[in-house]
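A quick note: this is a predicted structure, and the numbers were derived from the prediction, not measured. Numbers here simply count residues along the sequence, with the first being 1.
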Amino acid sequence: MSRAALLVLADGRFPAGGHAHSGGAEPAVAEGRVHDADSLADFCRGRLHTTGLTAAALAAAAAHGLDPLALDAAADARTPSPALRATARRLGRQMMRAARATWPSPELDALAAARPRGAHQPVVLGLTARSAGLGPEDAAHCAAYETVSGPATAVVRLLSLDPYHATAVLARLAPETDRVAQAAAEAARRGIDALPAASAPLLDITAEAHAAWPVRLFAS
């Protein structure tokens with residue numbers, strides 16, 4: 001396995017389109033639930049242990065070699081919000097473009113052909129990790145970290161939050177991020193039926209409302 005490949009995949013500059021999405025942070029800021037570093041930490045922790053765990057397990061399962069189409073269906077079943085399903089597929093389509101240019105593989109080509117409008121992003125992430133020679137836990141770490149780093153970056157822009165404080169939030173969450181990734185990778189080894197289905201209903205509700213905003217800074 002290449003640790004350098006893991007750094008490339010986890011780098012926020014990897015052109016997978018995540019910079020345009022806030023992970024639910026924009027409506028949370030608008031509603032006053034996120035307003036400083038402490039409330040950002042609470043928000044990120046909630047995402048990490050719910051949707052983050054689910055995404056990390058899907059990514060780990062794809063990296064483990066489980067059927068990506070079955071995993072895509074499992075992701076659909078675990079994403080009750082139509083707005084979030086659409087977002088996951090848009091992000092998956094963008095990641096697929098970047099992945100096929102960076103680490104071409106027949107498995108990526110097959111999934112792109114089967115899901116031309118985009119597979120769920122965690123599934124594409126896991127298959128990308130596999131194509132890069134990375135393992136299930138690597139993929140789980142990428143997905144878990146992305147779950148918290150995306151909102152943290154968005155809140156810096158939304159609130160003009162000190163980026164040092166936002167980075168400190170991510171650093172303090174690192175041990176929990178490791179534990180979530182490890183749990184996700186362990187679940188992936190037990191098969192699709194063992195994958196977690198943790199959810200965050202408030203994120204689903206606010207995603208639907210956010211999708212109808214006439215003016216917004218982020219796509220989701």
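- With a 4.5 Å cut-off on side-chain heavy atoms, Y145 and V180 do not count as touching.
- Listed by first and then second residue, the side chain to side chain donor-acceptor pair (under 3.5 Å) pairs involving residues 146-159 are Q121-E146 (not counting sequence neighbours).
- A chain of hydrophobic side-chain contacts below 4.5 Å, direct or via other Ile, Leu, Val, Met, Phe, Trp or Tyr residues, connects L173 to L203.
- More than 12 heavy atoms of other residues, nucleotides or ligands shown are found within 6.0 angstrom of CZ on F218.
- Taking CD of E137 as the start and CG of L6 as the end, the distance is 10.5 Å to the nearest 0.5 Å.
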Sequence neighbours excluded and cut-off under 3.5 Å, please list the side-chain donor-acceptor pairs for residues 159-167, or say none.
unit_1 : atom_1 : unit_2 : atom_2 : d
D162   : OD1    : Y164   : N      : 2.8
T167   : OG1    : P163   : O      : 2.9

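- A ring-ring contact (aromatic ring centres under 6.0 Å, His included) check over residues 77-131, counting only residues at least two apart or in different chains, returns the pairs F14-W103.
- Each of F43 and L84 belongs to its own hydrophobic cluster when Ile, Leu, Val, Met, Phe, Trp and Tyr are linked at side-chain heavy-atom distances under 4.5 angstrom.
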Expected list for residues 187-200: side-chain donor-acceptor pairs under 3.5 angstrom, two or more places apart:
unit_1 : atom_1 : unit_2 : atom_2 : d
R189   : NE     : E186   : OE1    : 3.4
R189   : NH2    : E186   : OE1    : 2.9

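- Remark: D36 engages S39 in a side chain to side chain donor-acceptor pair (under 3.5 Å) (not counting sequence neighbours).
- Not counting sequence neighbours, the partners of R89 by the side chain to side chain donor-acceptor pair (under 3.5 Å) test are D72, D76.
- Shown here for A139 and A63, the closest heavy-atom pair between the two residues is CB-CB, 3.8 Å.
- By the side-chain contact (heavy atoms from CB on, under 4.5 Å) test, D178 is found to be paired with H141, Q182, residues two or more places apart in sequence or in another chain being considered.
- Hydrophobic clustering of Ile, Leu, Val, Met, Phe, Trp and Tyr side chains at less than 4.5 Å, counting indirect connections, unites L158 with L40.
- Taking CG of L125 as the reference point, atom SG of C142 lies at 5.5 Å (rounded to 0.5 Å).
- A search for side-chain contact (heavy atoms from CB on, under 4.5 Å) contacts involving L69 returns D67, L111, A114, R115, not counting sequence neighbours.
- A distance of 6.5 Å separates CG in L170 from SG in C44, rounded to the nearest 0.5 Å.
- Annotation: side chain to side chain donor-acceptor pair (under 3.5 Å) contacts involving residues 45-55, sequence neighbours excluded, comprise R45-E176, H49-E176.
- Closest non-hydrogen pair, A184 versus A60, comes out as O-CB, 4.1 Å.
- By the 4.0 Å N-to-carboxylate-O rule, R33 lies too far from D42 to be salt-bridged with it.
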Enumerate, atom names and distances included, each donor-acceptor pair closer than 3.5 Å involving a side-chain atom of residues 90-100, sequence neighbours excluded.
unit_1 : atom_1 : unit_2 : atom_2 : d
R90    : NH2    : T87    : OG1    : 3.3
R93    : NH1    : R117   : O      : 2.5
Q94    : NE2    : P15    : O      : 3.1
R100   : NE     : D109   : OD1    : 2.9
R100   : NH2    : D109   : OD1    : 3.0

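- L71 CG to L58 CG: the interatomic distance, rounded to the nearest 0.5 Å, is 6.5 Å.
- Residues meeting the side chain to side chain donor-acceptor pair (under 3.5 Å) test with S131, sequence neighbours left out: S105.
- Closest heavy-atom contact between P80 and P82: O-CD, 3.3 Å.
- Screening residues 207-220 for side chain to side chain donor-acceptor pair (under 3.5 Å) gives H21-S220, E26-H210, S81-E208 as the qualifying pairs, with residues at least two apart or on separate chains.
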